[in-house]
J.: 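Take a look at this one; I'll ask things after.
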Amino acid sequence: MEIMISTSIIGLLASLALPSLNEAGKRARSKRFSHEIRTVAHAFMNYSIEEGGYPPDSTPGIMPKGMSSYLESFGWNEKTVIGGQWDWDHRVFGIRAAISVYGPDWNEDLMEKIDKTLDDGNLASGDFRKRSGGYMYIIEH
């Protein structure tokens, strides 16, 4: 009987703790994604300064031409911490240059939380916004 009560108490405590742990994990991934997208944006800005312009547009998950030395320790071809693929957008979606995540696993509510960290909290405006199939961080309008 004591074992059943102890097991029930442990189960109840675990069920109370799991949502908090899940939320903490999302916050950590959100911060990591925000840091990574800023880091990548700086790499593209450095490329632009050194090469006199940005590399051509590329396909999601494919390293843009000329960027391998700027992103050598970054997992561009790997899935992002929020799911989906990294994407380089050059002269598309009405902007000059942006880093995107194409096909993320996170829903719009979670992406708005990232937007509050990076920008204005509104996915329809500012430098971090929704685009077709994903979200972009604008480097240059």
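Just so you know, these numbers use all the heavy atoms, side chains as well, and skip hydrogens, waters and symmetry mates.
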J.: Who else is in the cluster with Ile138 when I, L, V, M, F, W and Y are joined by side-chain contacts under 4.5 Å?
T.: Val92, Phe93, Ile95, Met136
J.: Considering non-hydrogen atoms only, spot the tightest contact between Tyr102 and Gly133 and give its length.
T.: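 So the minimum-distance heavy-atom pair works out to CD1-O, 3.4 Å.
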J.: Looking at Asp87 and Pro60, what are the two nearest heavy atoms and their distance?
T.: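 What the structure gives for the nearest pair is OD1-N, 3.5 Å.
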J.: Is the CZ atom of Arg38 crowded by more than 12 outside heavy atoms at less than 6.0 Å?
T.: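 Yes, because the 6.0 Å sphere around CZ of Arg38 holds more than 12 heavy atoms from other groups.
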J.: May I have all residue pairs that pass side chain to side chain donor-acceptor pair (under 3.5 Å) and include part of residues 55-70, sequence neighbours excluded?
T.: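 Residue pairs with at least one partner in residues 55-70: Glu50-Tyr70.
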J.: Shortest non-hydrogen contact from Phe44 to Pro64?
T.: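 Heavy atoms only, the tightest pair is CZ-CG, 3.7 Å.
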J.: Please assess Arg91 against Arg96 for the test side-chain contact (heavy atoms from CB on, under 4.5 Å), listing each intermediate value before the final yes or no.
T.: CA-CA 4 Å; Arg91 297 187 186 275; Arg96 181 165 177 172; 3.8 Å; yes
J.: Can you name the nearest heavy-atom pair linking Asp109 to Asn107, along with the distance?
T.: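 In this case the closest contact between Asp109 and Asn107 is N-OD1, 3.1 Å.
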J.: Sub-3.5 Å donor-acceptor pair from the side chain of Ser34 to the main-chain atoms of Ser30, do we have one?
T.: yes
J.: Would the distance check show the side chain of Asp119 and the main-chain N or O of Gly121 forming a donor-acceptor pair, the cut-off being under 3.5 Å?
T.: no
J.: Side chains of Trp88 and Ser100, heavy atoms from C-beta outward: is any pair under 4.5 Å?
T.: no
J.: Could you check if a side-chain atom of Ile114 sits within less than 4.5 angstrom of a side-chain atom of Ile82, using non-hydrogen atoms only?
T.: yes
J.: Any idea which heavy atoms bring Leu71 and Met63 closest together, and the distance?
T.: CD1-SD, 3.8 Å
J.: Taking salt bridge (Lys or Arg N to Asp or Glu O under 4.0 Å) as the definition, give me every residue that meets it alongside Lys31, ordered by chain and number, with sequence neighbours left out.
T.: none
J.: Any chance you could measure Glu23, atom CD, to Lys26, atom NZ, to the nearest 0.5 Å?
T.: 6.0 Å
J.: Among all residues two or more places apart in sequence or in another chain, which pass the ring pair (Phe, Tyr, Trp, His ring centres under 6.0 Å) test with Phe74?
T.: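 Checked Phe74 against ring pair (Phe, Tyr, Trp, His ring centres under 6.0 Å); matches are Trp86.
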J.: Between Lys79 and Glu36, is the salt bridge (charged side-chain N to carboxylate O under 4.0 Å, His left out) condition met? List the steps.
T.: CA-CA 12 Å; Lys79 196 173 187 180; Glu36 286 178 350; over 6 Å; no
J.: With a 4.5 Å limit on heavy-atom distance, are the side chains of Thr117 and Phe128 in contact?
T.: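 Not touching, per the 4.5 Å side-chain cut-off.
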J.: Evaluate side-chain contact (heavy atoms from CB on, under 4.5 Å) for Val101 paired with Gln85, printing each intermediate quantity in order.
T.: CA-CA 5 Å; Val101 58; Gln85 293 289 314; over 6 Å; no
J.: Please determine whether the number of non-hydrogen atoms from other residues, nucleotides or ligands lying under 6.0 Å from atom OH of Tyr47 exceeds 12.
T.: yes
J.: Between atom CG of Asp127 and atom CD1 of Ile99, what is the distance when rounded to the nearest 0.5 Å?
T.: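 Nearest 0.5 Å value for the CG-CD1 distance: 12.5 Å.
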J.: Examine distances only and state if a side-chain atom of Arg129 and a backbone atom of Gly126 form a donor-acceptor pair shorter than 3.5 Å.
T.: yes
J.: Begin from the C-alpha positions of Trp76 and Val40 and carry the test side-chain contact (heavy atoms from CB on, under 4.5 Å) through to its verdict.
T.: CA-CA 9 Å; Trp76 183 269; Val40 172; 3.5 Å; yes
J.: Stepwise, does the ring pair (Phe, Tyr, Trp, His ring centres under 6.0 Å) test hold for Phe33 with Trp106?
T.: CA-CA 12 Å; Phe33 177 79; Trp106 282 23; 7.8 Å; no
J.: Taking side-chain contact (heavy atoms from CB on, under 4.5 Å) as the test, write out the residues that go with Glu108, two or more places apart.
T.: Glu112, Leu123, Lys130, Tyr135
J.: Sequence neighbours excluded, which residues qualify as side-chain contact (heavy atoms from CB on, under 4.5 Å) partners of Asn122?
T.: Asp120, Ala124, Ser125
J.: Kindly indicate whether the side chain of Ile37, heavy atoms from C-beta on, has any atom under 4.5 Å from the side chain of Leu118.
T.: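 Yes, side chains in contact.
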